[in-house]
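First comes the structure, then the notes that go with it.
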Protein chains: 2
Amino acid sequence: MDKNDLRNKLVSISTRLFSERGLNGVSIREISKAAGVSISMISYHFGGKEGLYSSVLQEQFSGFEHIEEINKVDSDALSKIEAYIRWIIVRHRDNPYLLRFYTSELTNPTQFFPLIVQPAIGKVIQILVHIIEEGISTNKFRKDLNPVDTVLAMAGMVTYYFLSTLATQELINHSPERDEVLVRHYMDIFTKGILSSFPSGNAE
Amino acid sequence: MDKNDLRNKLVSISTRLFSERGLNGVSIREISKAAGVSISMISYHFGGKEGLYSSVLQEQFSGFEHIEEINKVDSDALSKIEAYIRWIIVRHRDNPYLLRFYTSELTNPTQFFPLIVQPAIGKVIQILVHIIEEGISTNKFRKDLNPVDTVLAMAGMVTYYFLSTLATQELINHSPERDEVLVRHYMDIFTKGILSSFPSGNAE
DNA sequence: GTCTATATTGCGATAGAC
DNA sequence: GTCTATCGCAATATAGAC
């Protein structure tokens with residue numbers, strides 16, 4: 001087998017296993033067995049279990065580099081927000097493992113958080129903050145918004161939809177066919193809020 | 001030492017350790033050493049490591065039973081939503097470990113998820129859905145809201161604020177003194193959205 | 001580059017003394 | 001109810017053959 005074939009195979013297999021049970025929940029024995037190679041290959045190619053995990057993490061967060069795509073379109077702040085919502089949904093649809101590494105590193109960071117995870121998340125937040133600021137300065141968005149809080153509110157809405165899947169699968173359909181409805185719904189809530197457009201006196 | 005003293009001590013110490021490194025990241029050797037007792041005490045009192053983890057989980061999610069408090073006040077749907085936001089903030093402030101068990105069980109469920117975690121989360125979501133439905137039927141909220149999606153959007157906003165702490169501590173002040181500002185801000189976004197109240201034509 | 005075999009350490013669980 | 005001592009097994013890592 002080609003050298004890179006084996007490296008890729010080990011990364012791909014351990015991505016699934018690490019995402020399911022965490023760094024400490026999987027042994028290199030199990031990984032090498034699943035890959036059909038000797039356990040010593042992990043030390044040889046990655047310098048050990050943590051080296052393998054670091055490679056997995058690097059691959060998982062490499063996609064965050066492309067967040068700038070949502071800015072490329074020549075559009076206003078609102079369209080960029082919609083582009084972000086679509087972008088994050090596509091990321092989770094394409095890679096069902098990402099969210100687990102994401103939450104695991106945020107709540108129980110490994111030594112690789114500062115070098116791999118923090119910069120990736122930081123870049124996304126930075127770009128989103130600029131979009132909100134742009135919306136405020138062009139009078140599209142309310143002047144009293146705190147940009148960072150607003151970004152977290154938006155990112156939280158979308159992220160939590162995926163995070164809560166296991167607890168809400170009996171309540172709503174989480175299949176991708178409903179994603180378009182979801183985008184519209186979240187855009188509506190985030191831009192207009194939930195209040196009825198009737199005058200807000202006591203209506204009952 | 002009294003029997004319950006030791007049980008409580010073991011639960012309290014392992015709550016911190018399990019939350020920091022997960023079920024598989026902590027050994028009962030380390031827990032018993034930190035508690036200053038013999039390793040055999042864990043098997044004796046809890047039937048093993050998993051039994052201890054189960055007790056920890058049970059304690060962590062027992063507080064969810066009191067979610068009904070937010071309904072007790074004789075108030076409209078909007079006030080109940082504000083009560084929920086405050087309630088969830090207080091929960092995380094009072095117990096910094098909760099979020100880790102919460103996300104860990106949602107993304108990497110153990111055998112205890114169905115019996116301990118799912119019912120606790122399910123109860124909260126159910127009550128929140130009723131509040132949204134109440135708001136819709138009294139004409140306070142928009143008629144086209146999907147109640148479950150709306151609940152997840154709201155819960156996500158607040159939860160993600162805590163989840164993202166590690167990645168955003170350089171950007172915003174996460175100290176409890178700012179919680180009141182946060183409640184106002186999230187209520188504003190969730191009810192009115194982010195759009196400026198100026199007519200939404202091209203304002204630049 | 002990949003294997004087998006092994007060294008060493010740590011794991012969870014429990015038997016048996018007190 | 002708590003301890004010490006130990007069993008049996010699985011962990012990571014590596015030396016050395018091919």
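Order of the sequence lines fixes the chain letters, A, B, ..., with proteins taken first and strands second; residue numbering starts at 1 for each chain.
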Below 4.5 Å, heavy atoms only, C-beta onward: do A:Ile172 and A:Tyr161 meet side chain to side chain?
->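 Side chain of A:Ile172 against side chain of A:Tyr161, heavy atoms only: contact under 4.5 Å found.
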Separation of [N] [atom2] from [X] [atom1] (nearest whole Å):
X	N	atom1	atom2	answer
A:Asn24	D:dA10	CG	P	18 Å
A:Leu52	D:dT12	CG	P	11 Å
B:His45	C:dT14	NE2	P	15 Å
B:Glu30	D:dA11	CD	P	19 Å
A:Lys9	C:dT2	NZ	P	11 Å
B:Arg21	C:dC11	CZ	P	10 Å
B:Phe46	C:dA13	CZ	C1'	16 Å

Do NZ/NE/NH1/NH2 and the carboxylate oxygens of A:Lys123 and A:Glu68 come within less than 4.0 Å?
->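 Judged by the 4.0 Å cut-off on N to carboxylate O distance, A:Lys123 and A:Glu68 do form a salt bridge.
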Spacing of CG belonging to A:Leu163 relative to OG1 belonging to B:Thr159, to within rounding of 0.5 Å |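 With rounding to 0.5 Å, CG (A:Leu163) is 8.0 Å from OG1 (B:Thr159).
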Got more than 12 heavy atoms from elsewhere within 6.0 Å of CD, B:Gln169?
->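 Counting neighbours around CD of B:Gln169, more than 12 heavy atoms of other residues, nucleotides or ligands fall under 6.0 Å, so yes.
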Charged tip of A:Arg7 within 45° of A:Phe46 ring normal and under 6.0 Å |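 That pair qualifies as a cation-pi contact.
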Close N or O pairs between protein and nucleotides 13-15 of chain D (under 3.5 Å):
from, atom 1, to, atom 2, distance (Å)
D:dA13, OP2, A:Lys49, N, 3.3

If you fit an axis to the five pairs at each end of the helix from C:dG1-D:dC18 to C:dC18-D:dG1, how big is the angle between those two axes, to 10 degrees?
->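 The two end axes of the helix from C:dG1-D:dC18 to C:dC18-D:dG1 meet at 0°.
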Start with the C-alpha distance between B:Tyr53 and B:Phe18, add both sets of side-chain angles, then the distance that settles ring pair (Phe, Tyr, Trp, His ring centres under 6.0 Å), and finish with yes or no.
-> CA-CA 8 Å; B:Tyr53 180 79; B:Phe18 282 144; 5.3 Å; yes
Parallel, tilted or perpendicular: rings of A:Phe162 and A:His92 (30°, 60°) |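 The rings of A:His92 and A:Phe162 sit tilted, inter-plane angle from 30° to 60°.
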On the 0 to 90° scale, with breaks at 30° and 60°, tag the B:Trp87-B:Phe64 ring pair as parallel, tilted or perpendicular.
->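 The arrangement is perpendicular - the two ring planes meet at more than 60°.
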